[in-house]
Amino acid sequence: ADAVDLLANVKPRQQPIRAPHFVFFIKDELQKTFDENTLRTAGLHVVTSLDLRLQTAAEQAVIEGAKRNAARHANNAALVATDPRTGEILAMVGSKDYFDQSIDGNVNVTLRERQPGSAFKPFTYATAFSQGYEPETKIYDVPINFGPDGSGTSYIPRNYDGKFHGLITMRQALAMSLNVPAVETLALAGIDETINTATQLGITTLTEPKRYGLSLTLVGAEVRPLDMARAFGAFGQEGIVHDILPIRSIFNAQGQTLFEAPLSEGKRALDTEVARKINSILSDNVARTPIFGPRSPIAFPPGVAVAAKTGTSQDFNDAWTVGYTPFIAAAVW
């Protein structure tokens with residue numbers, strides 16, 4: 001009889017992991033407290049913050065969004081959502097497919113630093129508003145040379161639509177995501193002050209203030225999607241920010257409680273009135289219509305109050321939408 005290679009038919013056993021990026025994120029969190037041996041052998045029972053219904057919807061949204069964007073040569077996407085009232089992570093999709101090696105699918109982009117583009121602008125305007133500027137403060141959208149940008153060339157920002165819009169309000173400037181007024185506002189509010197606002201709201205990556213010039217509000221800094229969801233969620237909480245809370249409780253094999261997440265009080269990161277001004281602008285569909293049209297993807301039906309901001313990095317490598325209500329905040333990369 002012919003020899004049959006039985007081993008060739010033996011498939012390695014694969015257990016599908018639900019929410020794999022989140023699971024490994026939790027494992028990394030646990031490793032801060034427990035050693036590898038305990039994690040492997042102690043039979044710990046870990047209760048997390050993930051909402052499986054939202055996770056499934058998020059995974060579906062990422063797959064469908066990535067499909068639509070494939071035509072634009074964008075081959076990956078990620079989404080993270082938090083409950084801004086508690087800091088709990090509700091959904092975390094780190095790539096369109098954890099098991100796709102061609103896109104390094106196992107890399108969790110929600111924890112990676114990416115350029116936010118215009119999605120950074122709300123921090124700049126929030127800083128200006130906390131210094132006494134108002135949404136109705138007038139500002140010029142005209143060609144301005146902001147001088148050498150460090151690369152030896154002059155910094156002359158242009159707008160998304162290639163036009164300039166003259167004298168407008170800060171409300172219009174942020175809603176229409178105009179670049180020149182954002183750089184002017186950053187110059188008025190101060191780079192260090194703006195970094196401080198973003199950091200207070202939960203952005204963890206702005207650690208080298210000297211590296212950023214006036215391009216900070218458009219491209220300069222890099223931020224993590226998880227931090228962006230958390231920070232925008234704080235706008236929706238009228239300025240209160242919560243620590244990220246992925247693990248609710250941990251029990252040992254005997255059912256004894258080893259850890260119980262304390263109820264988060266949160267801390268004030270922004271004045272209530274300033275947060276309300278940002279919320280008003282980012283949910284103002286009329287104000288963004290001149291650039292984005294009345295029925296853009298971030299236009300919601302009347303009566304549904306959703307605030308959102310989009311952003312694209314200078315080289316178009318990164319595209320963002322960050323949106324929130326008082327009950328959920330989500331960052332999509």
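FYI, side chains are in, hydrogens and waters are out, and symmetry mates aren't considered; it's all heavy atoms of this structure.
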Contact list for residues 39-48, test salt bridge (charged side-chain N to carboxylate O under 4.0 Å, His left out), sequence neighbours left out: Glu36-Arg40
Audit row: Leu54, Ile328, side-chain contact (heavy atoms from CB on, under 4.5 Å) steps and yes/no: CA-CA 11 Å; Leu54 291 178; Ile328 191 166; 4.2 Å; yes
Leu111 and Val80, any side-chain heavy atoms less than 4.5 Å apart: no
Linked, directly or transitively: Phe164 and Ile291 (ILVMFWY side chains, under 4.5 Å): yes
side-chain contact (heavy atoms from CB on, under 4.5 Å) evaluation trace for Arg18 with Thr56: CA-CA 9 Å; Arg18 304 291 300 267; Thr56 307; 4.0 Å; yes
Atom CD of Glu265: over 12 foreign heavy atoms under 6.0 Å: no
CG/Leu167: more than 12 non-hydrogen atoms of other groups inside 6.0 Å: yes
Check: Tyr155 and Val183 side chains under 4.5 Å, non-hydrogen atoms: yes
Qualifying salt bridge (charged side-chain N to carboxylate O under 4.0 Å, His left out) pairs with a residue from residues 283-294, counting only residues at least two apart or across chains: Arg171-Asp284
Nearest-0.5 Å distance that lies between atom NZ in Lys138 and atom OG1 in Thr169: 7.0 Å
Pairwise side-chain contact, Gln200 with Val241, heavy-atom cut-off 4.5 Å (strictly under): no
Modelled atom types, side-chain donor and acceptor of Asp271 and Ser130, under 3.5 Å: no
For the student: nearest non-hydrogen atoms of Leu206 and Ile203, plus distance: CG-CG2, 3.8 Å
Spatial distance of atom OH (Tyr212) from atom CD (Glu222) [nearest 0.5 Å]: 7.5 Å
Approximate separation, where rounding is to 0.5 Å, of Thr33 OG1 and Phe259 CZ: 8.0 Å
ILVMFWY network linking Ile17 to Met92, side-chain heavy atoms under 4.5 angstrom: no
Pair Asp141-His165, side-chain donor/acceptor within less than 3.5 Å: yes
Contacts of Asn75 that satisfy side chain to side chain contact (heavy atoms under 4.5 Å, CB included) - sequence neighbours left out: Ile103
Which atom of Met176 lies closest to which atom of Ala287, heavy atoms considered: CG-O, 3.2 Å
Interatomic distance, Glu113 atom CD to Thr207 atom OG1 [nearest 0.5 angstrom]: 7.0 Å
Any donor-acceptor pair under 3.5 Å from Asn196 side chain to Asp192 backbone: no
Of all pairs that satisfy salt bridge (charged side-chain N to carboxylate O under 4.0 Å, His left out), the ones with a partner from residues 249-263, not counting sequence neighbours: none
Any residue meeting side chain to side chain donor-acceptor pair (under 3.5 Å) with Thr197, in chain and number order, not counting sequence neighbours: Thr127
Evaluation steps, side-chain contact (heavy atoms from CB on, under 4.5 Å), between Ile89 and Leu226: CA-CA 9 Å; Ile89 297 176; Leu226 177 59; 4.1 Å; yes
Those residues that, when tested against Gln237, pass side chain to side chain donor-acceptor pair (under 3.5 Å) (two or more places apart): none
Within-4.5 Å side-chain heavy-atom neighbours: Tyr160 and Asn179: no
Inter-residue atom distance Asp161.CG - Leu178.CG, 0.5 Å rounding: 7.0 Å
Contact check, side chains of Leu282 and Lys309, non-hydrogen atoms, under 4.5 Å: yes
Listed partners of Asn252 passing side chain to side chain donor-acceptor pair (under 3.5 Å), at least two apart: Gln256
Salt bridge (charged side-chain N to carboxylate O under 4.0 Å, His left out) partners of residues 235-245, not counting sequence neighbours, each pair once: Arg230-Asp243, Glu238-Arg276
Set of ring pair (Phe, Tyr, Trp, His ring centres under 6.0 Å) partners for His242, sequence neighbours left out: none
Asn108 vs Phe22, side-chain contact (heavy atoms from CB on, under 4.5 Å): CA-CA, chis, key distance, verdict: CA-CA 8 Å; Asn108 186 347; Phe22 181 74; over 6 Å; no
Side-chain heavy-atom pair Arg114, Ser313 within 4.5 angstrom cut-off: no
Nearest atoms (heavy-atom pairs only) where Ile247 meets Ile26: CG1-CD1, 3.7 Å
Side-chain donor or acceptor of His21 paired with backbone N/O of Gly105 under 3.5 Å: yes
Exercise: identify the closest heavy-atom pair between Ala175 and Phe292: O-CE1, 3.6 Å
Side chain Asp35, main chain Thr38, donor-acceptor under 3.5 Å: yes
Under 3.5 Å donor-acceptor, Asp51 side chain and Ala91 backbone: no
By ring pair (Phe, Tyr, Trp, His ring centres under 6.0 Å) - contacts of Phe232 (at least two apart): Phe123, Phe235
Hydrophobic cluster identity match, Tyr98 and Val107, side-chain contacts under 4.5 Å: no
Nearest atoms (heavy-atom pairs only) where Val180 meets Pro157: CG2-O, 3.5 Å
Same cluster (ILVMFWY, side-chain, under 4.5 Å), Tyr324 and Leu174: yes
Straight-line distance of Trp333 CH2 to Asn76 CG, nearest 0.5 Å: 5.0 Å
Beyond-backbone contact of Phe25 with Pro246, side-chain heavy atoms, under 4.5 angstrom: yes
Side chains of Leu214 and Ile191 in contact at under 4.5 Å (non-hydrogen atoms): yes
Side chain to side chain donor-acceptor pair (under 3.5 Å) partners of Asp83, counting only residues at least two apart: Arg85
Atom CZ of Phe34: over 12 foreign heavy atoms under 6.0 Å: yes
Stepwise salt bridge (charged side-chain N to carboxylate O under 4.0 Å, His left out) test for Lys277 and Glu134: CA-CA 8 Å; Lys277 286 167 186 169; Glu134 295 287 347; 3.0 Å; yes
Side chain to side chain contact (heavy atoms under 4.5 Å, CB included) partners for Ala128, two or more places apart: Tyr133, Thr185, Ala189
Crowding at NZ, Lys163 (>12 non-hydrogen neighbours, <6.0 Å): no
Minimum-distance pair of heavy atoms, taken over all atoms of Phe129 and Met170: CE2-SD, 3.9 Å
Leu188 with Phe146, same ILVMFWY side-chain cluster at under 4.5 Å: yes
